Amino acid sequence: MSAFARFPPRLQEAIVARLGWTSLRPVQELAGEAILDGKNAVILAPTAGGKTEASMFPALAGLVQREPAGVGVIYIAPIKALLNNQDERLETYAEMVGLRRFVWHGDISDSDKRKFVKEPSEILMTTPESLEVLLVSPRSKAARLFADLRLVVIDEVHALAGTDRGAHLMSVIERLVPLSQNDVQRVGLSATVGNPEQILDWLKGSSKRANVVVDPPKVPARRELSIGLYGTLGNLADEAATRAAGKKSLFFCQSRSLTEMVAERMRGRAVEVFVHHSSLSLEERRSAEERFAHGTNACIVCTSTLELGIDVGDLDAVFQANAPSSVSSFLQRMGRTGRRANTTPNTTFYCEEGEAVLQAVALIELAREGWVERVAQHERCWPVLVHQLLAMTLQFGAISAERCWEQLRRVPDFRGITVAEFEAVVAHMKKEDFLFESGGLLSMGQKAERVFGKKNFIELYAVFSSPVLYRVVSQAGSDLGSLEQGFVDRLVEQMSSFLLGGRAWSVQQVSHSDRIVTVREAPRGVKPSWGGFIPQHLGFELSQRIKRVLTESIRYPYVDEAGYQHIEAKRADLAELLSRPGPAIQLDEERAHLWTFAGGRINHTLKYGLELSEGWKVIADNFQLRIEGDGVGHSTVRRALTRISDASYWNEEATRRALLARLPRYRLSKFQDCLPEPYALELVERYLLDVEAAVRWLGTIANAR
């Protein structure tokens, strides 16, 4: 029996009469069968492939067959914009079978929220952070609201899995499910993920239900792809404005500053230009979305804010400035096009420099080979452990450490943390006054209330979402402007420099307690760069594919002449060296270049290993190590690599201590200060290094000699 045949008659009639559908898509049939059978599931389908209906139709079927007492289904989106975008669709689907849905986030009025709490809708739409607010607030009466909760649907699950926000969401869900009389079913929706089985294992949490990945066969489709090298931002914007004329397009950029610069240069041409990024107000972004949706000659220049499944109407073209850092992002962005009949998914890459051409080619070739990044899984997510400890003291007023641990140990992202380590965190937080203990119960300490308690604990609730502004002041105390916390967290004192107000500034001091960045004017000739910031890593597979581009002799038909000439020049310089067995070492008068193409984390691991072992100065990026020091040469670098290729070298206590002492004190989380130093350093180590992968790579180099 088909899934559609198993739907109750009221839902069948609504799908046919109200929506005009004559059948379900394959993914909707398969997902409907899995969900109706009570299985946890990850549902995979391209953007606009019908994933929402694949999850919500069987969810509605269950609600129609047996109406819940309170909320029966929660739909979770990673960002409010996607939530708002899906609101009308889910409202239509609910109303056509006599049910209701309610959207809960920070922009919804208190009066509407009170009405919902008094008379809850069967379907709740929310974000991870807003769900926690709902759980913690004594006015929400969560125990009554969720007593009959049956199903949680997480849209764009790949955007959450493997991140702090994903760990936070899983912890909130695990705190929520004990309130329900049911084993709450989990369903994740995704367009692109390389390891769906592992994502499903993470998503199921403590659920005892059977699991299934719904991944119908993909129909091969034609794609229109092109890569051009334009040399300057002005040339790039000129060409994009010309091609955008008469079309509806999205132009993705890798940073807010680049977004603004590209949009500025495109304005005044033959296309209406809008801007969309997280620093803009909600009103500005919504205005851009609405005006764009009703236009026919318009381009939104945006960051990843429009990468997820937000519907801005039918698109003719996707443009990309330079290249994204993952195949997943590339496919997600390209998937915004080709939705109408007789149209083709497409992406045009506009590259400022040759390195972006190489990266774009590698992304396209990996996608053609069917490869997509695996979502990393973390089992020692320290910042969220601290966050959830504080959140539970807020929820219960006072709670025992034992009860906290009993709850937190169920979360997949904390599986690697032992009870002794948890107790060490609690002891440290009590010592630093983040927690207070009385009568065996923990409550929030005065320091935590000072740091996180402003505006009714918005600092605690919004830690993963709402931007926080830092003032930028000169050493003389003059106010120069403001920066978002996400940007400030990447700054390193006495190292970083950045542009503000058209001038270059060097960072002197960052005060997170006062939210002030003190700067001095950068000396003439100092070019602001990302060298002193937290590195932006490319993965091992993407970096290795770039190496293959340089060692193969293919003429890619989608690359323009300027881009191809750059590829050929790089091949002439490196192809022979990279094709030899063993480490690819290139010497010049000042240094040795070790070309690894191993990605940022492996290369930074090698950097610290060589510095500790040999005392050399090493600068690492995604593709090479630049090594300076006494005796640097082919044979000495080879011997050094052999020395650090043994896993026992990294496991020695002296190496471990020296390595941790060298790590830069990057601030990766607001909750870093709540952690004992070893765990705070572990955060930085996990971001920057991968010893296991580095040793593995060194082994392949040794075997190739």
Side-chain angles (χ1 to χ4, degrees), residues 76 78 106 126-137 142 160-176 202 205 378-401 403-417 421-436 442-468 485-486 489 512-513 666-676 679-680 682-684 686-687:
I76 297 170
T126 190
T127 63
E129 291 77 17
S130 295
L131 182 59
E132 177 155 67
V133 174
L134 184 57
L135 178 62
V136 169
S137 172
L160 293 167
T163 70
D164 284 358
R165 289 191 73 219
H168 168 250
L169 173 60
M170 284 301 298
S171 185
V172 172
I173 289 174
E174 290 294 348
R175 287 162 53 201
L176 194 65
W202 167 80
H378 300 302
E379 297 186 340
R380 293 170 65 81
C381 198
W382 294 111
V384 183
L385 183 85
V386 168
H387 178 269
Q388 289 298 281
L389 266 170
L390 294 172
M392 282 190 280
T393 66
L394 197 59
Q395 179 180 356
F396 297 104
I399 184 172
S400 69
R403 188 178 172 192
C404 286
W405 176 245
E406 184 60 31
Q407 177 63 52
L408 294 172
R409 63 193 289 268
R410 299 164 57 185
V411 179
D413 306 80
F414 306 146
R415 284 175 184 160
I417 297 173
E421 290 173 321
F422 170 77
E423 289 169 351
V425 171
V426 171
H428 178 80
M429 292 178 70
K430 288 193 297 185
K431 178 185 173 186
E432 298 297 322
D433 201 21
F434 288 107
L435 290 173
F436 174 76
L442 299 173
S443 56
M444 192 172 292
Q446 290 186 358
K447 187 172 182 180
E449 291 195 9
R450 284 197 308 274
V451 174
F452 304 116
K454 298 168 185 174
K455 295 185 180 179
N456 199 24
F457 291 95
I458 191 171
E459 287 288 314
L460 189 65
Y461 292 133
V463 67
F464 304 111
S465 56
S466 300
V468 174
Q485 179 184 328
D489 282 348
H512 293 288
S513 57
Y666 293 146
R667 189 171 187 264
L668 299 173
S669 167
K670 280 185 178 182
F671 299 107
Q672 215 158 312
D673 296 340
C674 303
L675 289 166
Y679 306 151
E682 187 182 318
L683 276 185
V684 179
R686 189 184 77 187
Y687 180 87

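Just so it is clear, the values below take in all heavy atoms, side chains as well, and ignore hydrogens, waters and symmetry mates. The model shown is predicted, which means the values in this text are computed figures rather than measured ones.
- Annotation: the span from L135 atom CG to S130 atom OG amounts to 12.5 Å, rounded to 0.5 Å.
- When all heavy atoms of R686 and R380 are compared, the closest pair comes out as NH1-O, 3.5 Å.
- Ring planes of H168 and H387: perpendicular class, angle over 60° (limits at 30 and 60°).
- Here the side chain of T163 pairs a donor or acceptor atom with the backbone of L160 at under 3.5 angstrom.
- Of all non-hydrogen atoms in V426 and L389, the two that sit nearest each other are CG2-CD1, 4.2 Å.
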Tell me which donor-acceptor pairs under 3.5 Å the side chains of residues 409-417 have, and how far apart each pair is, sequence neighbours excluded?
unit_1 : atom_1 : unit_2 : atom_2 : d
R410   : NH2    : E174   : OE1    : 3.3
R410   : NH2    : S206   : OG     : 3.3
D413   : OD1    : W202   : NE1    : 2.8
D413   : OD2    : W202   : NE1    : 3.3

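- Counting heavy atoms from C-beta on, the side chains of E421 and W382 come closer than 4.5 Å.
- Taken from CZ in F452 to CG in L394, the straight-line distance is 12.0 Å, to the nearest 0.5 Å.
- Of the possible donor and acceptor atoms, one in the side chain of R165 sits under 3.5 Å from a partner among the backbone N and O of P78.
- Considering all non-hydrogen atoms of both residues, E132 and Q388 come closest at OE2-NE2, 3.1 Å.
- Note that CG of L675 and CD of E432 are 11.0 Å apart. Values are rounded to the nearest 0.5 Å.
- Considering only residues two or more places apart in sequence or on other chains, Q672 meets the side chain to side chain donor-acceptor pair (under 3.5 Å) condition with none of them.
- Scanning all heavy atoms of the two residues, the minimum distance from L408 to L385 falls at CD1-CD1, 3.7 Å.
- Residue-environment remark: CD (E379) exceeds the threshold of 12 foreign heavy atoms within 6.0 Å.
- Interatomic distance, D433 CG to R450 CZ, rounded to the nearest 0.5 Å: 6.5 Å.
- Residues I173 and L169 form a side-chain contact, since some pair of their non-hydrogen atoms from C-beta on lies under 4.5 Å apart.
- Rounded to the nearest 0.5 angstrom, T127 OG1 and I76 CD1 are separated by 8.5 Å.
- Across all their heavy atoms, F434 and D673 have their closest contact at CE1-O, 3.7 Å.
- With sequence neighbours left out, the side chain to side chain donor-acceptor pair (under 3.5 Å) criterion links K430 to E437.
- The heavy-atom pair separating R175 from A391 by the smallest distance is NH1-CB, 4.0 Å.
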